[in-house]
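Every chain is numbered from 1, with letters handed out A, B, ... down the list of sequences. This structure is a prediction, so every number in the text was calculated from the model and none was measured.
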Amino acid sequence: MAAARPIGSASDDKRIACRRILPRAFYSRPVLTVARSVIGKLLVSESADGVTRGRIVESEAYRGPTDRAAHSFGGRRTARTEAMFGPPGHAYVFFVYGMHWHFNLVTGRTGEPHAVLVRAVEPVDGTALIAARRGIDGDIRNLANGPGKLCKAFAIDGNDYAVDLCKAGRLYIVDGPPPKKIGRSERIGVDYAGAWARKKWRFFDADSPFVSRARNAYGAQRKGSPP
DNA sequence: TGAATGATTTACT
DNA sequence: GTAAATCATTCAA
């Protein structure tokens, strides 16, 4: 095995471009498995203004129809959630808070409304373009360390709804090494889901400074005083 | 037809 | 720490 190399060099870029696109078999596994396994993989976005690549460092699993935090809870199948019920390896993209897009990977078997929310990415290639899209410069850790930021950084929106991630095109994910240590925590922003919000279905690279809410280094943080 | 709300981010006190 | 921004989706009527 090759020794660890810094990511982002020109030669490394060439190497990344040759990596295999994750096959549908990667996605057609239990949603928690996919959420954990996708940490370290590379998200690739190709658009008219250029190619951007980023290492996925944070994810969350949503397992409808039983998971109260999932949009597909109770088997709710609407125009919005339709992609979650479709075949694995496709994108579930939705709009929230009147201004932010979120990007998910559909997992499991067709008909099982399971998805993995990609919450944070470490910019690897096309950083200047990402910074321009985000309208900020300075600390690159802030470019894609959140689900909404990430979509803006990689130009993901409703046009990418249900796109097939298993073939080269607008959006796909290529193989990459897993991190040294994966942290776990409760999912963020789903307090309305009661007990389901307390499940530790958030996964992240414990050593990455590019995860959202960086203070939870090892996922041990708990807010408040649970029973 | 209308009202409530959200898998967030940003700016401000 | 708090609050504003801002609208598609959802559900009730």
Among the nucleotides dA5(C), dT10(C), dG6(B), which one has an atom lying closest to any side-chain atom of R76(A)?
-> dT10(C)
dA7(B) phosphate, OP1 or OP2: any side-chain N/O from Y192(A) under 4.0 angstrom?
-> yes
For D139(A) and dT9(B), give me the distance from atom CG to atom P, rounded to whole Å.
-> 15 Å
Please give, in whole Å, the distance from dT10(B) C1' to R134(A) CZ?
-> 10 Å
For K41(A), does the NZ atom sit with more than 12 other heavy atoms under 6.0 Å from it, leaving out its own atoms?
-> yes
Shortest side-chain distance from M99(A), nucleotide among dT10(C), dA5(C), dC7(C) = dA5(C)
Polar side-chain atom of R134(A) near backbone of L143(A) as donor-acceptor pair, under 3.5 Å = yes
Between dT9(C) (P) and M84(A) (CE): distance, integer Å = 15 Å
Phosphate OP1/OP2 of dA7(B): any H71(A) side-chain N/O under 4.0 Å = yes
Separation of dA5(C) C1' from W101(A) CH2 (nearest whole Å) = 17 Å
For dT6(C), the nucleotide meeting Watson-Crick or G-U wobble distances (both under 3.5 Å) is none
Can you figure out which of dT9(B), dA7(B), dC7(C) approaches the side chain of K149(A) most closely?
-> dT9(B)
Nearest-angstrom distance from the residue atom CG of D157(A) to C1' of dT8(B) | 17 Å
dG2(B) pairs with, by Watson-Crick or G-U criteria that keep both distances under 3.5 Å | dC11(C)
Considering only side-chain heavy atoms of H100(A), which listed nucleotide, dG6(B), dT10(B), dT9(B), is closest?
-> dT9(B)
Would you kindly give the CD1-to-P distance between I136(A) and dT9(B), to the nearest whole Å?
-> 12 Å
Picking from dT10(C), dA7(B), dC7(C), which would you name as closest to the side chain of F95(A)?
-> dC7(C)
Looking at every strand, decide which applies to R68(A) at a 4.0 Å heavy-atom threshold: base, sugar-phosphate, or nothing.
-> nothing
Quick note, T78(A) side chain, CB onward, closest among dT8(B), dT10(C), dA7(B) is dT10(C)
Salt bridge present between R19(A) and D175(A) (N-O < 4.0 angstrom) | no
May Y62(A) be described as stacking on the base of dA7(B), applying a 5.5 Å centroid limit and a 30° limit on plane angle?
-> yes
Over 12 non-hydrogen atoms of neighbours within 6.0 angstrom of CZ in R29(A) = yes
Rounded interatomic separation in angstrom, taking CZ from F73(A) and C1' from dA7(B) = 15 Å
Quick check: does any side chain N or O of S45(A) sit under 3.5 Å from a backbone N or O of A155(A), one acting as donor and the other as acceptor?
-> no
R36(A), R119(A), R55(A), R184(A) screened by salt bridge (charged side-chain N to carboxylate O under 4.0 Å, His left out) with D205(A), the one that passes | R55(A)
R119(A) side-chain N/O to dA7(B) phosphate OP1/OP2 under 4.0 Å | no
Rounded distance in Å - CG (L150(A)) to P (dA7(B)) | 17 Å
